[in-house]
Each structure stands twice: as C-alpha cells, then as structure tokens.
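All remarks here apply to the structure that follows.
FYI, the numbering just counts along the sequence from 1.
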Amino acid sequence: MHKKLIGVLLGAVVGSAFAATGAGVTDAMIANDSKAPNTVLSWGMGTQGQRYSTLTQINTQTVSKLTPAWSFSFGGEKQRGQESQPLIYNGKMFVTGSYSRIYAIDMKTGAKLWKYEHRLPDGIMPCCDVVNRGAALYENLVIFGTLDAQLIALDQDTGKIVWKEKVADYAAGYSMSAAPLIAKGLLLTGVSGGEFGVVGRVDARNPRTGELVWSRPMIEGHMGYKYDKEGKATENGITGTTNKSWPGDLWKTGGGATWLGGTYDPTTDLAYFGTGNPSPWNSHLRPGDNLYSSSTVALDLDSGKIKWSYQTTPHDGWDYDGVNEFVTFDMDGKRFGGKADRNGFFYVIDAKNGKLENAFPFVKKITWATGIDLKTGRPNYIEAGRPGDPTKGEEGKKGSTSFVAPAFLGAKNQMPMAYSPQTKLFYVPANEWGMDIWNEPVSYKKGSAYLGAGFTIRPINDDYIGAMRAIDPKTGKIVWEIKNNAPLWGGVMTTAGGLVFYGTPEGFLKAVDAKTGKELWKFQTGSGVVAPPVTWKDGDTQYVAVVSGWGGAVPLWGGEVAKKISSIEQGGSVWVFKLSSK
C-alpha cells in the first residue's frame with residue numbers, strides 16, 4: 001500500500017478516535033497555552049512566544065527553597081548540544097535530544113516511558129551542531145523534525161510512528177532543528193541549511209496526516225503552492241517580484257532559511273517567521289536588498305501568502321540573519337512584536353501591518369551601522385564595516401578584512417528571550433563580541449558549504465561576553481543587566497512570581513528578581529545550559545525544568561571565544577525542580 005494512503009488511513013482512524021473520545025491536545029488548548037498552568041503545549045510556552053507563566057508558588061520569597069525533584073539522562077555517547085524545550089501534557093514530559101531523538105518521561109517520577117531514535121543517514125549537513133529545539137503536540141501526536149529533513153509524528157502513549165514525511169533533500173544541505181508550530185489546526189515548519197544555498201520556506205500541513213496544505217518560499221522569485229487532498233499542487237503566486245532585489249540568478253540558491261521556527265498571534269491572526277542569511281555570505285556577488293532574507297515575515301494562514309515583511313539587515317554581508325523570534329505583546333493599547341536581532345538592534349514593530357515603531361541597540365558595541373532610520377526602517381550603514389570585494393583584492397582571492405561587532409553569532413542567537421506583562425520588560429540573553437571577517441570567491445555546488453567568507457570571532461571585553469538584560473521596549477532603556485563570563489546561549493523564562501530563569505554555559509540554572517536582576521537562586525546542572533526553561537503545576541506543586549548539555553554553534557564556530565571556554569564539558573539530561581517541603 002502506498003505510504004501516502006497509509007498516512008491518510010491512519011490519520012482518519014486516529015482523527016475519528018479523538019473525535020469519539022475527546023482525548024488529546026485540541027486547537028482550543030493550544031490557543032490557551034500561555035494561560036494554562038498545568039501544561040506546556042508549545043515552543044514559547046504559548047504560540048505568541050512570551051515565555052511568561054502566570055504561576056506564583058515559586059516566587060521571590062520562596063525560590064531559595066527550590067530543590068531537584070528528579071533528573072533524567074539522555075544516555076549513550078550522543079551528547080553535543082542540547083537546545084530542547086520540554087513539553088508537558090497528560091502526566092508526560094516530551095523532550096527531544098541531540099541526533100534526532102525524542103523521549104517521553106513520567107512527569108512525577110522521571111522514569112522513561114519510551115524513546116524514539118531516528119535513524120540518520122550518512123552525509124547529513126547540520127551547520128551548527130546536531131541539535132533539536134523541541135516538538136509540537138496535537139491530539140494524541142507528538143511531532144518533531146529531524147536532521148535529515150523529515151517530520152515524524154509519534155503516538156504520545158507508545159512512541160510508535162503514526163506518519164512520516166520527507167520535507168527536503170538532506171543531500172542538498174537541508175535539515176530541521178526547530179520545534180514545529182501548531183496554529184489554527186495547521187502544522188507550520190521551516191527548514192535549516194542557509195550555509196548550503198538552500199531556499200528557506202514555510203510549510204503548512206495537516207497535523208493528523210502530514211499532508212501539505214500550502215508552501216511559501218522565503219526568497220524572492222520562487223513560486224508558492226497550494227495542495228489539494230490528493231496532494232496535487234497548484235501555483236499560489238511568486239514570492240515578491242523576480243529579480244527586483246536579486247539581480248542575476250543567485251536568488252535560485254538564495255538562503256533565507258527559516259531555521260528557528262515561528263510564532264502565532266490569534267489577535268492578529270498572523271504567523272511570524274524569521275528568515276536567515278542570504279546566500280552566499282559574500283554580499284558583493286548579490287547587489288540589492290535580497291528579499292526576503294534577514295527578515296521577519298508575517299503569513300496569512302488561510303492563503304499561505306505574505307501579509308507583510310520587515311527586513312532588519314538589507315543586503316546582509318555579515319551573516320546576521322533575521323531569524324530570531326518575533327514576540328507579540330500589548331503596548332499603549334496596540335499589538336506589537338519585539339525582536340532582538342542578531343545585528344545588535346532591538347525592533348518594536350506593529351504586529352498587524354509591519355510598521356516600525358522603534359529600534360535601538362541592546363548591546364554596547366555595534367560597528368556595521370550607526371542606527372536605524374525610524375522613518376525608512378533601514379539601517380544607516382558604516383561602509384567600512386562591510387568586508388571588501390575579493391575581486392578587488394590581491395590576486396582576486398581575498399577582500400579586505402573588516403573588524404565588525406557584533407560577531408556573526410549575533411548579539412542574540414537561537415536562545416529565546418521572554419516578555420513579562422507584569423513588568424512590561426523583555427529579558428534578553430545578549431552577547432558582546434566581534435569578528436574579523438573577509439570575503440572570498442565562491443560558486444554554488446550542491447551539498448557544499450556556500451559562504452564566500454572567512455572569519456575569526458573575538459571577545460571585546462576582558463571580564464564578560466554574555467549579559468542578561470532587562471529591556472524596556474518603549475524607551476529602549478536597559479533597566480538592569482547581569483554579566484556572564486561565557487556567551488549566553490540558553491533561553492529565558494519569566495513568571496508572575498516576579499522571577500526570571502535562565503541558564504549559563506558554566507552549568508548554572510539561575511533565578512533572579514524580574515524587577516532588579518538580583519540573583520536569588522542557582523543550581524549547577526553538570527553541563528552547560530543552552531536551552532530554555534519551562535514551568536507548570538501538577539496538583540498543588542509547581543515545577544521548573546531545563547535541559548542541560550553544552551554545545552551548539554559556539555564551540556564549532558566561536559574562534560578565539562571557543563578556545564577561551566573549551567573546558568566546558570558536554571552532557572545530555574533534563575533537570576526538574578520543586579520547592580522543598582522543609
């Protein structure tokens with residue numbers, strides 16, 4: 001029997017079972033995720049991505065009594081970076097691990113219920129470690145992406161495969177590392193692979209079966225498609241206007257990978273995806289703005305078309321991307337989105353129409369632009385900050401080198417920030433570093449690195465690289481900061497208990513006062529924390545969990561910074577905490 005038909009039949013059986021029993025995660029539950037105390041159903045602790053919990057049992061007065069409840073090891077020799085955010089539902093924790101693994105764990109005891117380990121082929125090409133950032137829940141399914149660019153849907157109770165779909169060709173450099181997003185009954189996913197000349201896109205699928213509903217490319221010139229129930233594709237309009245901002249043919253391998261996934265706001269009824277760097281890094285090969293790379297793109301879920309876009313780094317020549325999460329929030333009676341971009345600027349954008357409200361630095365040193373023009377929304381470039389054209393360099397092999405801050409790993413990278421409606425502050429894990437960068441000749445070859453640049457990342461300050469910063473989106477003021485020796489690479493959570501939780505590469509999970517930044521509690525997890533914490537309540541008890549396991553892009557791409565922190569040990573575990581009864 002054909003695989004598609006099997007998937008359809010299984011989906012029909014599963015769907016009818018859910019309809020009959022009322023079991024499983026519903027669209028209404030996902031829409032209410034940010035307010036529900038007993039579950040964590042989506043990446044971002046709510047589709048808006050605020051990572052704010054209304055729970056108060058663990059608060060500024062009680063957090064000093066926080067103690068481990070249990071810890072679970074991912075086991076084996078497959079450690080490396082662990083960037084996963086756990087999900088909590090129906091007495092189970094669902095957490096992904098490196099090398100495309102996923103576990104179901106008993107929420108009360110920490111006992112393993114089942115494990116699924118995806119068989120990866122030789123030749124996968126993840127640019128930035130073998131990480132996975134989490135899964136999505138829908139009805140009785142848990143769904144996650146793999147490093148060979150597949151989507152896997154498993155039964156939450158047994159771990160058995162319900163459906164499996166190939167998303168893209170891993171031999172061309174495609175992979176998947178982001179947590180999928182469920183919005184309005186659709187499964188929304190992006191792709192990784194911007195360093196290999198892929199074309200970023202967002203796919204919408206039926207989460208019950210994996211069947212495509214629509215697909216929207218993120219690079220100007222590529223055709224979007226809609227799909228009927230038989231899987232037949234019909235054209236749904238070209239993204240942008242061919243060659244308008246991409247002269248020549250480089251748009252055909254133009255990058256713009258959607259590698260961090262997206263957010264969805266029910267008040268605007270839009271999904272927001274960030275897009276990665278244009279390919280190749282050598283910007284002299286591709287004059288123009290290179291839409292829609294290094295942007296935030298707002299998508300209409302019904303039509304699969306772009307509602308609006310905002311490009312944070314037009315004609316990106318530094319691998320700044322624009323992929324960082326767009327977190328929606330209320331300010332002055334309007335709905336805005338906040339984005340701490342890798343390029344060093346924090347953007348406040350109207351979530352309905354994409355109009356720039358404000359933009360300001362959230363790191364101390366930025367050398368590629370003097371600021372953002374609030375009228376045009378464009379950066380005021382410092383031309384000396386752009387690495388030189390290699391065709392004008394010595395023997396046409398290397399362009400002039402520029403020292404630029406921030407480094408391409410970004411003022412903020414994959415580690416998600418948090419927003420508190422209580423304090424009206426964003427909590428941003430920032431990094432202060434710079435890089436020497438130069439351009440080199442390059443041509444596209446399928447499955448090969450497609451950079452056209454060389455680089456070395458360097459620290460700027462002697463005493464710190466990372467800085468946890470509380471930022472007022474209305475004024476741009478840094479309200480408080482906590483410096484950290486190593487670069488911060490884990491996400492943030494904030495709570496109605498007046499707390500901010502975040503992890504450090506040195507191994508600590510920390511809790512600080514949301515208003516002042518005063519450290520109130522910390523715990524050594526045994527390896528670097530590069531993942532975001534979550535919290536939930538079971539019965540009368542509030543829990544906090546975080547995944548521990550050093551890795552990600554910093555030790556692979558970090559240059560002098562990587563050497564400075566090479567003593568940090570790898571790991572792979574999840575820690576769960578609750579208040580001591582003593």
Side-chain angles (χ1 to χ4, degrees), residues 123-130 147-149 167-178 190-201 217-222 239 243 245-260 274-295 313-323 342 386-391 393 396-399 401-402 404 407-410 413-414 435-457 553 556-557 559:
I124 58 170
M125 290 177 282
C127 91
C128 307
D129 208 355
V130 287
L147 291 170
D148 60 343
V167 173
D169 181 8
Y170 73 87
Y174 285 92
S175 59
M176 299 185 78
S177 55
V191 293
S192 303
E195 273 59 64
F196 299 96
V198 307
V199 174
R201 68 178 197 265
M218 293 292 107
I219 294 297
E220 180 182 86
H222 292 269
T239 297
N243 284 144
S245 67
W246 285 83
D249 290 335
L250 285 188
W251 58 273
K252 295 179 180 179
T253 51
T258 44
W259 60 262
L260 195 58
T275 66
N277 58 282
S279 294
W281 288 18
N282 181 351
S283 62
H284 299 280
L285 292 172
R286 43 172 176 77
D289 284 353
N290 311 135
L291 291 172
Y292 292 87
S293 67
S294 301
S295 300
T313 313
H315 196 215
D316 185 353
W318 305 273
D319 186 41
Y320 281 148
D321 274 33
V323 79
R342 268 167 63 175
R386 185 178 295 274
D389 185 345
T391 63
K397 293 182 178 180
K398 180 179 176 181
T401 299
S402 295
V404 188
F408 74 85
L409 287 179
N413 199 282
Q414 63 85 25
M435 63 178 173
D436 293 318
I437 182 169
W438 58 92
N439 285 328
E440 301 166 346
V442 67
S443 58
Y444 174 77
K445 181 180 179 182
K446 178 182 175 180
S448 297
Y450 188 43
L451 299 185
F455 50 82
T456 300
I457 292 181
L556 295 175
W557 295 73

Using a 4.5 Å cut-off on heavy atoms from C-beta on, say whether the side chain of His222 contacts that of Arg201.
-> no
What is the distance from atom OH of Tyr292 to atom OG of Ser245, rounded to the nearest 0.5 Å?
-> 7.5 Å
Given side chain to side chain contact (heavy atoms under 4.5 Å, CB included), test Leu409 with Tyr320 step by step and report yes or no.
-> CA-CA 7 Å; Leu409 287 179; Tyr320 281 148; over 6 Å; no
Got a sec, which residues hit ring-ring contact (aromatic ring centres under 6.0 Å, His included) with Trp281, two or more places apart in sequence or on another chain?
-> Phe408, Phe455
Shortest non-hydrogen contact from Gly256 toward Thr275 = O-CB, 3.8 Å
In a check of side-chain contact (heavy atoms from CB on, under 4.5 Å) between Glu195 and each of Pro126, Cys127, Pro280, which one passes?
-> Cys127
Non-hydrogen side-chain atoms of Tyr174 and Val199 separated by less than 4.5 Å = yes
At their closest point, which heavy atom of Trp246 faces which heavy atom of Asn243, and how far apart are they?
-> O-ND2, 2.7 Å
Can you name the closest pair of heavy atoms from Gly200 and Val191 and give their distance?
-> CA-CG2, 3.9 Å
Could you please spell out the steps behind the side chain to side chain donor-acceptor pair (under 3.5 Å) verdict for Ser283 and Arg386?
-> CA-CA 9 Å; Ser283 62; Arg386 185 178 295 274; 2.9 Å; yes
Does a donor on one side chain and an acceptor on the other come within less than 3.5 Å for Ser192 and Ser177?
-> yes
Leu147 side, atom CG; Tyr170 side, atom OH - distance, nearest 0.5 Å = 12.0 Å
Hey, mind stepping through Thr313 and Arg342 against side chain to side chain contact (heavy atoms under 4.5 Å, CB included) and telling me if it holds?
-> CA-CA 10 Å; Thr313 313; Arg342 268 167 63 175; over 6 Å; no
Euclidean distance, Asp169 CG relative to Lys446 NZ, rounded to 0.5 Å | 4.5 Å
In Å, rounded to the nearest 0.5 Å, how long is the span from CG of Leu291 to OG1 of Thr239?
-> 10.5 Å
So do the side chains of Arg286 and Pro278 get within less than 4.5 Å of each other, counting heavy atoms only?
-> yes
When rounded to the nearest 0.5 angstrom, what is the spacing between OG in Ser293 and CD in Glu220?
-> 9.5 Å
Any Tyr450 side-chain heavy atom under 4.5 Å of Val442 side chain = yes
Excluding sequence neighbours, so at least two apart, what forms ring-ring contact (aromatic ring centres under 6.0 Å, His included) with Phe196?
-> none
Out of Leu451, Val323, Asp316, which one pairs with Asn277 under the side-chain contact (heavy atoms from CB on, under 4.5 Å) rule?
-> Asp316
Minimum heavy-atom distance Lys397-Pro441, with the two atoms named | O-CD, 3.3 Å
To the nearest 0.5 Å, what is the distance between CE (Met176) and CH2 (Trp259)?
-> 14.0 Å
Start with the C-alpha distance between His284 and Asn439, add both sets of side-chain angles, then the distance that settles side chain to side chain contact (heavy atoms under 4.5 Å, CB included), and finish with yes or no.
-> CA-CA 9 Å; His284 299 280; Asn439 285 328; 3.3 Å; yes
Closest approach of Ser279 to Gly194 (non-hydrogen atoms, all atoms of both residues) = OG-O, 2.8 Å
